[in-house]
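Since this is a predicted model, take the numbers as computed values, not measurements. In what follows, every chain begins at residue 1, and chains take the letters A, B, ... in the order their sequences are listed.
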Amino acid sequence: MEKMPLPQRLFRTLVRVLPFDFRTNYQGEMEGVFRAQHREVEEGGGFLEALKLWKETIFGIFTTAPREHWQILTSDCAYAFRMMRKNLGFTLVAILTLALGIGANTAIFSVVHAVLLKPLPYPDGQQLIFVRQQEPKLGVEDLGFSVSEIEDYRKQNRSLSGLVEYHAMTFTLFGHGDPDRVRTGVVSANYFDLFGIKPLRGRTFLPDDDKLGAPAVLVLSYEYWKNNFGADQDIVGKTFEMNDKVHTVVGVLPPVPQYPNENDVYMPTSACPWRSNKAHLEMRDMRMMEVFGRMKPGVTVGQASADISAISAGLKATYPKFYPDNSGYGSVTSPLQLELTKDARPTLLLLLAAAGFVLLIACANVANMTLSRMVQRERELAVRTALGAGRSRLLRQLLTESFLMAVIGGLLGLLFTYASLQLLTDFVSRLSPRAREIHIDSGVLLFHACRCPGHEHRLRYTLRALLARQPRLQPQRGNRWGGLGSRS
Amino acid sequence: MTRKKETESFLPLTPAMFHILLALADGEKHGYAILKEVARRTGDKVRLSAGTLYGNLSRLESAGLIAESTRRPEIVLDDERRRYYRLTEFGREVAVAEAERMEEALGQARAKKLFRKPKLA
């Protein structure tokens with residue numbers, strides 16, 4: 001067999017971007033026209049002319065292809081809608097089943113993604129750690145830290161670029177209408193710097209704010225500023241009374257998730273009447289604080305953990321009175337992300353598995369229904385094949401039908417997701433402070449919608465049916481009606 | 001839809017479509033002949049590629065403006081791989097309507113002195 005010249009082979013490859021039906025109708029002629037055009041250019045002998053011909057040819061094919069594909073898609077969609085209307089019962093049940101499967105999975109996966117998988121919304125969030133002292137032999141998993149202990153860990157560690165303390169209190173704020181009970185985060189001066197949070201207005205705390213006797217200052221959370229002060233642009237500098245002291249607002253936080261708790265306002269440790277009293281400052285066993293740290297670049301959690309444990313061992317040796325042998329005293333260092341989600345993890349993974357099974361059952365149901373429908377549609381497929389529809393044309397039609405059903409199911413699933421997400425968020429907020437980061441994940445929704453469970457079964461069934469009937473259904477030139485011979 | 005409205009629904013035609021209808025106005029032609037006729041008539045200003053030509057032929061055929069001709073040239077002149085296309089009655093009406101539309105636009109351009117009437121030889 002004579003080998004086809006390169007330009008024609010290239011042209012044939014190019015033409016493959018056009019729809020199958022179009023090629024069936026016109027490919028032979030198009031090749032003939034291109035052959036003639038190319039021959040003319042060769043005879044003219046102009047390289048530039050040849051270049052121009054290729055440019056026009058490529059442009060022509062690539063502008064024609066999308067139009068032709070679109071035309072087929074619109075006619076397939078119209079046909080699919082007609083079929084769906086004709087089989088309303090099947091369509092409604094299939095769409096509802098898909099919507100439930102897609103909705104449940106999207107909701108659960110959105111929660112899992114926001115709470116377990118997504119990195120913390122802070123710069124280099126993976127470098128943040130949570131340190132816990134514990135006495136396992138006495139059944140105390142979280143002992144808390146005293147001021148003296150925090151100072152020891154801060155001075156002696158070699159693996160952290162920063163170590164901050166936190167505890168939450170509820171105080172009464174006076175000075176703007178009725179007295180207001182506010183959840184207050186009491187934090188080290190460099191607390192927000194350690195997390196990498198830049199203030200929306202004003203500033204956060206300075207080292208001088210944290211000195212005993214310094215003027216009391218407050219930083220407001222974004223939500224508290226917005227809800228209680230109507231996002232007052234001049235809030236910085238305003239004063240309020242709290243704990244019998246005048247507090248000046250120095251800044252407002254941006255709308256970021258707050259860990260480990262959502263607070264209304266923040267104050268430096270020196271302003272907290274409990275934290276700054278003499279007993280708390282001096283007594284090693286007056287523990288009420290939590291501790292966060294940021295690892296130095298390149299330091300692993302294992303290295304930081306070993307460093308912190310060595311300090312704990314040192315404290316135990318130095319102050320045996322406060323760390324008795326029978327308590328099993330020690331410290332645990334874990335990534336902050338893990339710490340914030342440890343209570344939610346088993347429940348969410350269980351829910352994810354359950355939702356996976358729901359999708360699996362939905363898949364099986366829709367696939368079964370589709371399979372039964374396909375048996376009923378055998379004759380229709382045979383007629384279309386006999387009229388000249390190619391295998392790929394039929395597959396394309398069936399894929400369009402599946403795709404449409406998936407899109408409608410996906411949209412309905414989105415409504416289910418919206419309806420259920422608030423319930424899930426309320427539930428998860430009891431298990432993890434990351435619950436507020438939950439929102440519908442568009443990527444997940446698209447993934448579920450694309451994986452319309454009917455696709456594979458339709459394709460497989462259609463291929464099998466068509467292959468089994470190949471001798472009868474193969475359209476013959478000059479005898480387009482031959483495929484129906486044995487059925488009519 | 002009335003015939004006139006149906007005709008007008010195709011207007012304005014794209015330049016490629018109009019030139020294809022013009023090429024078929026004086027008789028049946030195969031694809032390559034249409035392409036050559038358009039290039040000759042426009043002094044190579046309108047060059048149709050194979051993709052553009054058959055994309056337009058497909059659309060004109062589905063809209064009923066052209067149809068595949070059953071008449072073939074004599075066997076010695078015929079190439080059986082080629083298909084011949086002819087202008088349908090409806091296609092002719094659409095081409096006429098498009099020409100009239102263009103003439104009207106040209107008249108308006110002349111009235112605004114945007115275009116001079118060509119001198120008759």
Fill in the blank from the handout: Looking only at B/K36, B/H30, B/R47, most heavy-atom pairs under 4.5 Å shared with chain A are made by B/R47

Exercise for the section: Applying side-chain contact (heavy atoms from CB on, under 4.5 Å) between A/I95 and each of A/L404, A/I408, A/V407, report the one that passes. Expected result: A/I408

Handout entry: Under 4.5 Å from any heavy atom of chain B - which part of A/E31
Key = neither

Problem - Counterpart residues, salt bridge (Lys or Arg N to Asp or Glu O under 4.0 Å), relative to B/E68 (two or more places apart) - result: B/R83

Practice task
Decide, yes or no, whether a salt bridge links A/E380 with A/R377 under the criterion of side-chain N to carboxylate O below 4.0 Å.
Solution key: yes

Handout entry: Stepwise salt bridge (charged side-chain N to carboxylate O under 4.0 Å, His left out) check, B/K5 with B/E8
Key = CA-CA 5 Å; B/K5 272 191 180 165; B/E8 280 171 358; over 6 Å; no

Exercise for the section: Count the heavy-atom pairs under 4.5 Å between each of B/S58, B/A50, B/S62 and chain A, then report the option with the highest count. Expected result: B/S58

Problem - Lys/Arg cation over aromatic A/Y79: A/R384, 6.0 Å, 45° cone - result: yes

Fill in the blank from the handout: For residues 49-74 of chain A against chain B, heavy atoms under 4.5 Å, the residues are A/E49, A/K52, A/E56, A/T57, A/G60, A/I61, A/T64, A/R67, A/E68, A/Q71

Problem - Electrostatic pair B/E37-B/R40, nearest N-O below 4.0 angstrom - result: yes

Problem - Over 12 foreign heavy atoms within 6.0 Å of CZ, A/R16 - result: no

